[in-house]
Amino acid sequence: MRFSKYYLPTLKEAPSSSEIKSHALSLRAGLTRKVAAGIYVYLPLGLRVLKKIEAIVREEMDKAGALELVLSVVQPSELWKRSGRWDQYGPEMFRLKDRNQRDFCLGPTHEELVTHLAYLDLKSYKDLPVNLYQIQVKFRDEIRPRYGILRAREFIMKDAYSFCRDEKELDTVYQKMHQTYKRITERLGLEYLVVEAETGLIGGSVSHEFIVLAQDGEEVIVQCGKCNYLAKQENALFKPFQGLEPEKTLDLKKVHTPGAKTIEDVAEYLNTPLEKIVKTMVLQGEDKKIYAFMLSGDRELDLERASKEAGTSLSLIEDRGLADKLNLGYFGPIAAPVDIAFFSDHSIENKKNLVVGANQKDFHYINANHCRDFNPGRWGSFTSPKKGDLCRGCGSALAFRKGIEIGHIFKLGKKYSEKLDAKFLDEDGRLKPFTMGCYGIGISRIMSAAIEQLSDRGGITWPEALAPFKVAIIVTNMGDDRLLTEADKVYQKLLDMGIEVLYDDRDLRAGVKFKDAELIGIPIRFILGKNFLARGLIEAETRDGGKEELSLEDITGFLARHQG
RNA sequence: CGGGAUGUAGCGCAGCCUGGUUAGCGCGCAGCGUUCGGGACGCUGAGGCCGGGGGUUCAAAUCCCCCCAUCCCGACCA
């Protein structure tokens, strides 16, 4: 491609709307342009990168026996009403009406649609398993499309949906997808981790996330350097740090703590460390029942974990009257109202002589000991690990790493097939709902994740597999006919070799061309300038700082050596 | 949805507090000239509903009210 004929508007300065690297660089390097909040256009150079990502994903999916199709972006409300998600989804789903006032939505995902497809066409166990995938635009009207291009509302995703006879068959397909995803991420050339993910209240059995490591990533991964334990912070298990001295069990005592409602107040008033105070979180479930969770005062309750344990979605008590009735702020496990279910986090398990609320305004107990003074209820892990916590398995220090989720695979089970009546006739002559799995990869997100992981002061440093062009030819003086003639020849030669080359034939000063090539992140630069005129040598520079001089004949060898 | 901030030329910004010439600067863009190896220089020029609406005033980019858009933080706690 000749630069002079290309649509590649680079920017010297980053637009003010771009806060994070990947966003700023994708605008500066002429990959994307913003149309509205969370909505972007892909310019020719950006599209080249997207297509590389797509090609890798497509190749590996095809190799795994999955079948590509295109599903509609606009979907009728009917299917969503049947699955129950028309109401569940909330404002994140972009809804619209057609001219006849019928309800539609822009597909935020396509489970309903493919399941409907399976209902129409998959009739027998002999047709199974089937794994269908699409690479398409999806739309989610995010509450807040933050982090620029990373969390866009309109985005390109590869989603695959598998239909199996039973759990066993699903497991085989799932394992295959797991392997396929690893291969894809490796081919992309990005550093990544695979973690088990939370399936949430909705259920589902197994789920894995593929995380590309990056400093500004939204996901926090907990990793044990010693035994390789790996999990998302939100569902990681750990051994709470035990820095407290062994001590004698003291006598329970009720103390006056006027006005001390928060943990911090109590700690200050009693001059006690936070870790010695039991934080008792009182929550209400969707079932209207009250649940109390006890944890160390220096920790925070994870509502998701608590909800999972309680078996109902929990939320803070907002009813003022109820809050007063329960003496919130002074609530505790000793002589608490009987109809409350208690849970205790492992963070208080090995502690003695704790402070708890006395269920009476302005009073707390000190030297409370579980089992002796109160029933701890059910033990569990209701908090997330933080700095200083230890690996549950081996006791080593846990490390925290940040990353960006680019892929997510999970076993869906029969949720959608049952609701949408998608059944097949099994060998035993019975009609059974499909056992489903679904496997997503954020195509457009990979582009920004790659930039986020790989860039330097000069711009993007694409991995080999994603670079939009492999070689940039830079002619330092466009006024010199001899140089131009030779550069044209080199360009033609590279084209003949099938190398993706960007020939910077613009009549600009050399410095501009150097900066642009660097910004765009082209791995190899061939420079034709005074060295060429004097000695017939091309300067070959790599994006990572390597430099050498080549004769025309050396080009082939050089490229062979720098083949990814 | 709550909080904070910002909207002035394609991009980055100043001007606004304290209302008053023809609204500026840098980059970019067009023309001419000089330059020509790491984002050159000079001259000339094009390009603005000062986010939108309403109000105050003799007079509004500037003061007041409403709306919209964009960005950031939060939706985390006894």
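Quick note on labels: first sequence line is chain A, next is B, and so on, each numbered from 1.
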| query | Between A:His23 and A:Tyr40, do the side chains contain an N or O donor and an N or O acceptor separated by less than 3.5 Å? | reply | yes
| said: Protein within reach of the bases, or only the backbone? For nucleotides 35-47 of chain B, mark each nucleotide 5' to 3' as B, S or -, using heavy atoms under 4.0 Å. | reply: BSBBBB-------
| field | Span that lies between the P atom of B:rG42 and that of B:rG3, in whole angstrom | value | 49 Å
| field | Integer angstrom distance from the P of B:rA23 to that of B:rC41 | value | 28 Å
| Could you give the CG-to-P distance, from A:Asp298 to B:rA78, as a whole number of Å? | 12 Å
| query | Distance only, no hydrogens: is a donor on one side chain within 3.5 Å (strictly under) of an acceptor on the other, for A:Asp488 and A:Tyr503? | reply | yes
| query | Atom CD of A:Glu92 to atom P of B:rC1: distance rounded to whole Å? | reply | 15 Å
| said: Looking at A:Arg506 and A:Asp516, is there a salt bridge between them, counting it only when a charged N and a carboxylate O are closer than 4.0 Å? | reply: yes
| request: Look through every strand shown and name the nucleotide pairing with B:rA23 as Watson-Crick or G-U wobble, where both distances are under 3.5 Å. | output: none
| remark: RNA chain B nearest-nucleotide lookup for A:Ile263 and A:Pro15: closer to the 5′ end is A:Pro15
| request: Over 60° means perpendicular and under 30° means parallel, so classify the ring planes of A:Phe343 and A:Phe382, tilted if in between. | output: perpendicular
| said: Going by purine N1 to pyrimidine N3 plus the second Watson-Crick contact, or the G-U wobble pair, all under 3.5 Å, which nucleotide sits opposite B:rA40? | reply: B:rU34
| request: With P as the reference atom in both, quote the distance from B:rC58 to B:rG15 in angstrom, rounded to an integer. | output: 29 Å
| Side-chain donor-acceptor pair present, A:Thr476, A:Lys530, cut-off under 3.5 Å | no
| field | Base partner of B:rC1, which must satisfy Watson-Crick or wobble distances under 3.5 Å | value | B:rG74
| field | Side-chain heavy atoms of A:Leu466 within contact of A:Leu454, under 4.5 Å | value | no
| request: Using the C1' atom as the reference point in each nucleotide, state the distance between B:rC66 and B:rU56 in Å, no decimals. | output: 15 Å
| message | Between A:Glu539 and A:Arg525, does any side-chain N to carboxylate O distance fall below 4.0 Å? | response | no
| Which whole number of Å gives the distance between the C1' atom of B:rC16 and that of B:rU62? | 4 Å
| task | Considering only atom C1', compute the distance from B:rU21 to B:rA60 and round it to an integer number of Å. | result | 15 Å
| message | Measuring only the P atom in each nucleotide, how far is B:rC71 from B:rG26? A whole number of Å is fine. | response | 30 Å
| field | B:rC13 and B:rG19, which share atom name P, separated by this distance in whole Å | value | 27 Å
| said: Would you call the rings of A:Phe94 and A:Phe139 parallel, tilted or perpendicular, taking 30° and 60° as the class edges? | reply: perpendicular
| remark: Across every strand shown, the nucleotide meeting Watson-Crick or G-U wobble geometry with B:rA9 (both distances under 3.5 Å) is none
| field | Any-strand Watson-Crick or G-U partner of B:rG45, both distances under 3.5 Å | value | B:rC29
| With side chains defined as the heavy atoms from C-beta onward, is the minimum distance between A:Val212 and A:Ile446 less than 4.5 Å? | no
| field | Ion pair check, A:Asp339 and A:Lys289, cut-off under 4.0 Å | value | no
| Identified pairing partner of B:rU57, criterion: Watson-Crick or G-U wobble below 3.5 Å | none
| task | Round to a whole Å and report the spacing from NZ of A:Lys279 to P of B:rC77. | result | 9 Å
| query | For every nucleotide of nucleotides 70-76 of chain B, 5' to 3': is a protein heavy atom under 4.0 Å from its base (B), only from its sugar-phosphate (S), or from neither (-)? | reply | SSBBSBB
